[in-house]
A.B. asks: 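Got a structure for you, written out below as structure tokens; questions coming shortly.
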Number of protein chains: 2
Amino acid sequence: MSKETDQSEPGLMRLITQISKALHRRSTEEALGMRFKSFLLLSYLRDHQAATQQELEGALLADANAVVLLLNELEAARWSIRRRDPDDRRRHLVEMTAAGRQALERAEQARENLEEEILQGISPDERATLYRLLSKVAEAVLQPAEPRS
Amino acid sequence: MSKETDQSEPGLMRLITQISKALHRRSTEEALGMRFKSFLLLSYLRDHQAATQQELEGALLADANAVVLLLNELEAARWSIRRRDPDDRRRHLVEMTAAGRQALERAEQARENLEEEILQGISPDERATLYRLLSKVAEAVLQPAEPRS
DNA sequence: TATTGTTATACTCTATAACTATA
DNA sequence: TATAGTTATAGAGTATAACAATA
């Protein structure tokens, strides 16, 4: 009665939460050369040049305030820059600087090392599967996440 | 040059972080009938009766302080209870009360609904695979996470 | 009037160290 | 002296609302 080996998942959420916490705990500023949040933002900027701050809010699942604070830090480090959008001068277009790209590359290396360590027991095929499934999950869980109005 | 379809993972960490954040954001106290942390702790207690607080620290990836605070809350709600371990009176053995089990069952239902919603596009086979792979990852990422001494 | 970003503020969470009691 | 848990406190993270500039 203590173990139900049906198909009942004993908790995807517990699993995800644990992994996320452990990953975050290991992604120290020392290891990445920057804070984990900075890494996520720069990583997004590399893939989406000239992002608006609202875009970043969605990508980082952070509120407007958090994005502002983080961008202040990044600009102080000369890793990103905010320019006014000529088409709508209320908007900022955020871009990564060359220094930002360099810093990101170092952090990416650290991330790859960490992932390699974590995925050591998992075959390339399985890794691809895992990535594909997680992408699906991410899509589903992000889509209807209505911003608290 | 913008898309490298090698086998380079564009970021398992970003994926996990996003999913974890989104799940946490959706697991409101309203939906679960309790805080997400409480849910995780009770969920662990159901599977491991009479856990010590150190055990809980490891399971929740929280420090001693956080566990104490959370147990204070749970005890105030009459969902758990700390008893002295007769074999070592420094230790506490934490147990779930009947009321705790009831509250957990409601929360479990909410969790299952949420997971069902999230995993809708994923087949049972794929779910099993996802769960298996995540368990492997969790094991690897948790194992060498030496507690900062 | 609505929207984008900023500032100010409060609230929560997490981490650290000192303390109590037991070993 | 070392360990399990507690308390106190500070720091980081997060959420909320008021504000300025622009649409």
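Convention: sequence-line order gives letters A, B, ...; per-chain numbering from 1.
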A.B. asks: Can you tell which of D:dA8, C:dA21, D:dA23 lies closest to the side chain of B:Asn65?
C.D. replies: D:dA8
A.B. asks: Before accepting this row, confirm whether a basic side-chain N of the pair A:Glu108/A:Arg46 lies closer than 4.0 Å to the acidic partner's carboxylate O.
C.D. replies: yes
A.B. asks: Rounded to the nearest Å, what distance is computed from the CG atom of residue B:Asp85 to the P atom of nucleotide C:dA23?
C.D. replies: 10 Å
A.B. asks: Does this structure show an ion pair linking A:Glu115 with A:Arg127, if we count only N-O contacts that are shorter than 4.0 Å?
C.D. replies: no
A.B. asks: Out of D:dT14, D:dA8, D:dA4, which has the shortest distance to the side chain of B:Lys21?
C.D. replies: D:dT14
A.B. asks: Of the candidate nucleotides D:dA2, D:dT6, C:dT6, which contains the atom at the shortest distance from the side chain of B:Gln53?
C.D. replies: D:dT6
A.B. asks: Just N and O in the side chain of B:Arg35: are any of them under 4.0 Å from OP1 or OP2 of C:dC13?
C.D. replies: yes
A.B. asks: From the set D:dT7, C:dA23, D:dA23, return the single nucleotide nearest to any side-chain atom of A:Asp88.
C.D. replies: D:dA23
A.B. asks: From the list C:dT6, D:dT22, D:dA15, which nucleotide is the closest neighbour of the side chain of A:Arg89?
C.D. replies: D:dT22
A.B. asks: Of A:Leu71 and B:Leu69, whose closest DNA chain C nucleotide lies nearer the 5' terminus?
C.D. replies: A:Leu71
A.B. asks: For B:Arg84, I'd like to know if atom CZ has over 12 heavy atoms of other residues, nucleotides or ligands within 6.0 Å.
C.D. replies: yes
A.B. asks: Measuring from the side chain of A:Arg91 (C-beta onward, heavy atoms only), which nucleotide among C:dT4, C:dC13, C:dA15 has the closest atom?
C.D. replies: C:dT4
A.B. asks: Please round to the nearest 0.5 Å and tell me the distance separating atom OH of B:Tyr131 and atom NZ of B:Lys136.
C.D. replies: 15.0 Å
